[in-house]
Each structure stands twice: as structure tokens, then as C-alpha cells.
> 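Here it is: the structure, laid out below.
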Amino acid sequence: MSKANTVVVLDFETTGLSPAYGDRAIEIGAVRIEGGEITDRFQKLMNPGRLIDPFIENYTGITNDMLKSARPCKEVMSEFAYFIGDHNLVAHNASFDKRFLDAEFKRVSKKYTGKFACSMLLSRRLYQDAANHKLATLVRYAKIPSDGDFHRALYDSEMTAKLWLAMLEHINSHYGLSSIPFTLTQKLTKTSKHHVSKFLKSRA
DNA sequence: TGCCAGGCCCTCTTTAGGGCCTT
């Protein structure tokens, strides 16, 4: 059963930007947040069935040699479907990860019932004076301790989860909202950045 | 990264163009 405040934060490493143009997932990382804490982790490399180009090897640190012995996407995605269950989902620039989750799940006839929220869209509302809204920049901006490798799926999902929790705490400390439903975060990401304060004050 | 995507969002806008994010 899904708990109302439980979310799964996920991140894909892929062969490129577009599953519609044949790109595939090569790594999935995810963490489960329950009661404001990370309580479980998931990380698997996936063999996409073909070689990845040097740019992706350099960008992610994932090499063709590492993928040679990895299990195929379909096996990993079936396992991942069990991990996410019916929980709601969070990702940094969620439209990107949603496209790959949808494409990889379609290949194995898996479905998920959770809804997506986007940490990047939320950060554009809450951290409007950040230099930019890349994950690494926001982690520094929010003063989240960081000593791992960005652009690996599990590390990025952990950093996104900590950023997500920091933003919920920001809402709590600035607007007195200690309990923030997932649906509120979704509504907030659809609110004009000029109306964020008014929106949150009306719900305090 | 790129001849290469897509959604969001701003503005010199809405009969559009371009930057930001993700790999």
C-alpha cells in the first residue's frame, strides 16, 4: 500500500536524449523517501544491446566494458517496477526521466500508477535567485553536503531526494506548512513564479 | 556532442523565437 507521504526519486542514465529516436536506458538509480528520510535504494546498470558512444562514456563514467556484463533492460525494468510500486515519483527535469520510464516500461508491458513531480520546476519557484537550476548547482545552493560523482544514477537520485527534502523544509520554514501533500508540490510547479508566495501563504 | 528531443518559460509574445534542463 502507498503511504501518502512516500515518494520514489529516480534518475536514468541513457544513451542520449530521446527514446523516440532510439535512445535507451543504461542505468537506473532511485531512492524511496518515507517520513522525510531515505529508507531504501535501487541501482542497476542495463545492457542496451548496443555500444554507447564516447560522449556518454565520458559524461557518465559508464563504459561499454561495464555494460557488457550488465543484465538487459527488460530484466532490470521488471525489478524496478516492483521497487516503485504505486508510489508517486520525483525526478530532476522529470519530463526527461518520464519519457524513458514510459518507453522502457512499454517494452516490457509494465505500468505504474504514481504521478510525477519535478524538482527542477519546483526549484525555479523556490530558489529564484540560484545561478541556474542544474542539479549540482542547486545542491551547492541549498548547502547539501556532496562528495560523490554527479551523472551516476544512484548519486543523482540521492542528491535530488535531498534537494527535494530541502525544498519541502524551505516551504515549511518560510510559510509554516509542515505537512505538504504531493499534490501541492504539483500545483506549485504549475504556478507562475511571481505568484508562489501568494499561493503558499493562502495554504498556510 | 549533435545535421539529432521535448517541455517549460521568458519576452523585443500569442500569426514566435530562443534559452534552460535532462543524457
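What you see below is based on every heavy atom in this structure, not just the backbone, and it leaves out hydrogens, waters and symmetry mates.
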> In whole angstrom, give me the gap between the P atoms of B:dT15 and B:dT23.
34 Å
> Rounded to whole Å, please give me the gap between CZ in A:Arg24 and P in B:dT22.
23 Å
> Is there a side-chain contact between A:Arg24 and A:Arg107 (heavy atoms, below 4.5 Å)?
yes
> Is any side-chain nitrogen or oxygen of A:His133 closer than 4.0 Å to OP1 or OP2 of B:dC20?
no
> Using a 4.0 Å heavy-atom cut-off, does A:Asp97 contact any base of the nucleic acid, only the sugar-phosphate backbone, or nothing at all?
nothing
> Over all strands shown, is A:Phe55 touching base, sugar-phosphate only, or nothing at heavy-atom distances under 4.0 angstrom?
base
> Quick check: on DNA chain B, is the nucleotide nearest A:Lys190 upstream (toward 5') of the one nearest A:Phe12, or the reverse? Name the residue that is more 5'.
A:Lys190
> Rounded to whole Å, how long is the line connecting atom CG of A:Leu138 with atom C1' of B:dC20?
12 Å
> With respect to the side chain of A:Ser18, which nucleotide from B:dA5, B:dC10, B:dT23 is positioned closest?
B:dA5
> So what does A:Phe100 touch, heavy atoms closer than 4.0 Å: a base, only the sugar-phosphate, or nothing?
nothing
> Considering every strand and a 4.0 Å limit on heavy-atom distances, what is the contact class for A:Ser192: base, sugar-phosphate, or nothing?
nothing
> Between A:Met46 (CE) and B:dT23 (P), how many Å, whole number?
13 Å
> Measuring to OP1 and OP2 of B:dC21, would you say a side-chain N or O of A:His92 lies under 4.0 angstrom away?
no
> Does B:dC4 have OP1 or OP2 under 4.0 Å away from a side-chain N or O of A:Tyr21?
no
> Using the C1' atom as the point on both nucleotides, what is the distance between B:dT14 and B:dC9, in whole Å?
14 Å
> Taking only the C1' atom of each, what is the distance from B:dC4 to B:dC10 in whole angstrom?
25 Å
> Heavy atoms only, 4.0 Å cut-off, all strands: where does A:Asp11 land among base, sugar-phosphate and nothing?
sugar-phosphate
> Is the shortest heavy-atom distance from the side chain of A:Ile62 to the side chain of A:Arg152 under 4.5 Å?
yes
> Find the distance A:Phe116:CZ to B:dG7:P and express it as a whole number of Å.
14 Å
> Considering only B:dC10, B:dT22, B:dG7, which nucleotide approaches the side chain of A:Ser95 most closely?
B:dG7
> Per the ring pair (Phe, Tyr, Trp, His ring centres under 6.0 Å) rule, which among A:Tyr82, A:Phe12, A:Phe83 passes with A:Phe42?
A:Phe83
> A:Asn132 has a side chain; which of B:dT23, B:dC21, B:dC10 sits nearest to it?
B:dC21
> With a non-hydrogen cut-off below 4.0 angstrom, is A:Asn58 in contact with a base, only sugar-phosphate, or nothing?
nothing
> Measuring only the C1' atom in each nucleotide, how far is B:dG19 from B:dT13? A whole number of Å is fine.
15 Å
> Take atom CE of A:Met120 and atom P of B:dC8, then tell me their distance rounded to the nearest Å.
9 Å
> Find which nucleotide of DNA chain B each of A:Glu13 and A:Thr191 is nearest to by heavy atoms, and output the residue with the more 5' nucleotide.
A:Thr191
> Starting from C1' on B:dT23, measure out to CZ on A:Arg152 and report it in whole angstrom.
14 Å
> Distance check, C1' atoms only: B:dC12 and B:dG6, in whole angstrom units.
25 Å
> If you measure from the Lys or Arg side-chain nitrogens to the Asp or Glu carboxylate oxygens, is any gap between A:Lys98 and A:Asp102 under 4.0 Å?
yes
> Can you tell me which nucleotide in B:dC21, B:dT23, B:dC8 comes closest to the side chain of A:Lys134?
B:dC21
> Taking atom P in both B:dG7 and B:dC3, what distance in whole Å separates the two?
22 Å
> Rounded to whole Å, please give me the gap between CG in A:Leu17 and P in B:dC21.
15 Å
> Side chains of A:Met46 and A:Arg71, heavy atoms from C-beta outward: is any pair under 4.5 Å?
no
> Reckon A:Ile26 touches a base, only the sugar-phosphate, or nothing at all at heavy-atom distances under 4.0 Å?
nothing
> Are A:Leu168 and A:Thr185 packed together at the side-chain level, in the sense that at least one heavy-atom pair is separated by less than 4.5 angstrom?
yes
> Consider the side chain of A:Thr14, meaning its heavy atoms from C-beta on, and name the nucleotide among B:dC8, B:dT23, B:dG6 that approaches it most closely.
B:dT23
> If you define the side chain from C-beta out and look only at heavy atoms, does anything of A:Leu188 sit under 4.5 Å from A:Ile171?
yes
> Mind checking the P distance from B:dG17 to B:dT1? Whole angstroms is fine.
26 Å
> Under 4.0 Å between a side-chain N/O of A:Arg125 and OP1 or OP2 of B:dC9, yes or no?
yes
> Rounded to the nearest Å, what distance is computed from the CG atom of residue A:Leu121 to the P atom of nucleotide B:dC20?
16 Å
